[in-house]
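We count residues from 1, following the sequence as given. Remember, it's 1-based here, ligands and their atoms both numbered in the order they're listed.
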Amino acid sequence: MSTTTPEITATDTRLDVEAIRRDFPILHQQVHGHPLVYLDSAATTQKPQCVIDAVVRYYREHNSNVHRGVHWLSEQATEDYEQARRTVQRFLGAADTREIVFVRGCTEAINLVAHSWGRSNLQAGDEILVSHMEHHSNIVPWQLLCEQTGAVLKVAPIDDDGALIFEQFERLVGDRTRLVAMVHVSNALGTINPVERVIERARAVGAKVLLDGAQATAHLKIDVQALGCDFYCLSGHKLYGPTGIGVLYGRRDLFEAMPPYQGGGDMIKSVSFEKTTWNDLPYKFEAGTPNIAGPIGLAEAIRYVEAIGLDRIAAHERDLLQYGTKLLEAVDGLRLIGTAPSKAGVLGFVLDDVHAHDVGTILDRQGVAIRTGHHCAQPVMERFGIPATARASLGVYNRREDLDVLAEALREVIDVFR
Ligand SMILES: Cc1ncc(COP(=O)(O)O)c(C=O)c1O
């Protein structure tokens with residue numbers, strides 16, 4: 001395993017962003033004749049060299065199937081894979097590696113809970129409560145589950161800043177609530193939800209809580225035991241790790257009681273036509289040959305952010321968010337969408353008389369990468385009465401200069417349309 005030591009100025013709590021940027025080879029290129037300004041980390045983060053190396057090293061030196069072979073390569077691959085699970089367990093503050101299941105990402109994690117826990121625990125009239133700011137992946141699996149079980153999906157409203165209206169959320173939690181499924185940090189608005197209070201309220205009625213941490217884990221320190229949630233999920237590619245790998249954390253007693261999600265190799269203890277028995281946790285939920293390079297790359301990414309320090313990353317991004325907010329507020333005809341008091345590094349906005357897609361296309365010509373559209377959160381767009389937003393989102397490698405370039409480029413967009 002490689003050592004991960006991003007260069008950080010020793011005495012300063014601020015980040016040496018230029019040193020960090022040197023860890024990310026992709027950032028040092030020209031796009032349409034301009035230096036790339038990458039402001040799309042909420043869609044996916046870029047990967048530091050150490051993560052790329054860890055994946056390459058696995059394929060070059062240890063590639064083999066896990067949990068099956070008696071030979072040296074298979075033992076190495078299994079050790080790397082299980083070591084990655086231990087890294088994730090520690091990173092999330094889980095009590096046990098049996099509570100860490102590798103999945104493709106948050107989407108698969110939520111589908112797993114909906115299929116396995118949901119189908120065996122919900123019945124007609126039971127309620128699942130989400131917020132109005134969910135990503136589609138934390139809406140549609142519950143809608144499918146409701147169709148299958150007769151359960152009912154309830155939606156906690158958000159205010160004009162994009163913050164959860166907590167009093168209304170509280171009122172929607174009742175005797176019939178079985179599950180609260182909520183985004184920790186909104187990808188479309190940046191809102192950080194008051195998850196401690198959400199969990200406290202849900203627990204008061206015995207409801208389970210699933211938190212969608214897709215946008216949280218690269219920016220906030222997570223401790224699932226301190227939080228007391230039942231399920232927590234993350235996507236590796238939003239945490240400087242590879243695509244196609246994510247994690248579902250689940251409380252062990254819940255996981256023990258849940259039926260498998262998919263059937264196949266590895267998830268069984270024994271198979272016969274008369275009776276098949278399930279493997280122990282977490283393998284019961286990992287059918288088939290898993291993505292092996294993915295967890296290895298993800299574990300390296302975790303070591304990378306931990307070496308920098310999540311607190312320092314959060315402070316850095318807070319500074320950028322404040323700076324960027326001021327810059328964008330000063331752009332004529334720009335309206336920020338998502339202005340909650342508790343917010344992570346997402347700057348969503350609309351420009352008067354210019355469609356978000358045009359904004360994105362013109363910015364791209366200047367080397368600025370942002371995302372435009374509904375961000376897989378159509379109910380958020382509907383709540384604000386807009387078809388789409390343009391969204392600049394921040395990562396550890398962003399600098400104030402990136403936001404200066406963005407603001408300047410936006411002024412040029414406005415000139416084009418006037
Ligand atoms: C808040 C949130 N939840 C869930 C997802 C889905 O993650 P993935 O596509 O990695 O499964 C995303 C992806 O953008 C997201 O931002």
ask   = Which option, Ser137, Gly105, Ala43, owns the non-hydrogen atom nearest atom 4 (C) of ligand 1?
value = Ser137
request  = Give the minimum heavy-atom separation between Asn279 and Lys284, together with the two atoms involved.
outcome  = O-CB, 3.4 Å
key: Parallel, tilted or perpendicular, as decided by the 30° and 60° cut-offs, for the rings of Phe24 and Tyr240   = perpendicular
Contact summary for His132 and Glu382, nearest pair of heavy atoms = NE2-OE1, 3.3 Å
task = Classify the side-chain pair His184/Tyr232 by whether it contains a donor and acceptor separated by less than 3.5 Å.
result = yes
request  = Could you tell me the residue and atom name of the protein heavy atom closest to atom 14 (O) of ligand 1, and the distance to it rounded to 0.1 Å?
outcome  = Lys238 NZ, 2.6 Å
ask   = How far is atom 15 (C) of ligand 1 from its nearest protein heavy atom, and which residue and atom is that?
value = His135 CD2, 3.3 Å
ask   = Which protein non-hydrogen atom lies closest to atom 3 (N) of ligand 1, naming both residue and atom, and how far is it?
value = Asp212 OD2, 2.5 Å
request  = For Asn138 and ligand 1, answer yes if some heavy atom of the residue is under 4.0 Å from a ligand atom, otherwise no.
outcome  = no
inquiry  = Whether the side chain of His28 engages the backbone of Arg21 through a donor-acceptor N/O pair (distance < 3.5 Å, no angle test) should be reported.
reply    = yes
note = Per-atom filter on ligand 1: closer than 4.0 angstrom to a heavy atom of Val183 are 1 (C)
Pairs meeting criterion side-chain hydrogen bond (donor to acceptor under 3.5 Å, both in side chains) with involvement of residues 320-332, two or more places apart = Tyr323-Asp404
inquiry  = Within the 4.0 Å heavy-atom shell around His237, which atoms of ligand 1 are there?
reply    = 10 (O)
message = Tell me whether Arg104 reaches ligand 1 (any heavy atom closer than 4.0 angstrom to a ligand atom).
response = no
ask   = Considering only protein heavy atoms, which is closest to atom 7 (O) of ligand 1, and at what distance to one decimal place?
value = Ser235 OG, 3.5 Å
request  = Measure the distance from atom 11 (O) of ligand 1 to every protein heavy atom, then report the residue, atom name and distance (to 0.1 Å) of the closest one.
outcome  = Thr107 OG1, 2.6 Å
ask   = Going by the order shown, which atoms of ligand 1 are within less than 4.0 Å of some heavy atom of Gln215?
value = 1 (C), 15 (C), 16 (O)
task = Among Val331, Leu328, Leu327, Asn398, find the one that has a side chain to side chain contact (heavy atoms under 4.5 Å, CB included) with Leu406.
result = Leu328
request  = Compare every heavy atom of His355 with every heavy atom of Pro387, then report the nearest pair and how far apart it is.
outcome  = CG-NE2, 4.3 Å
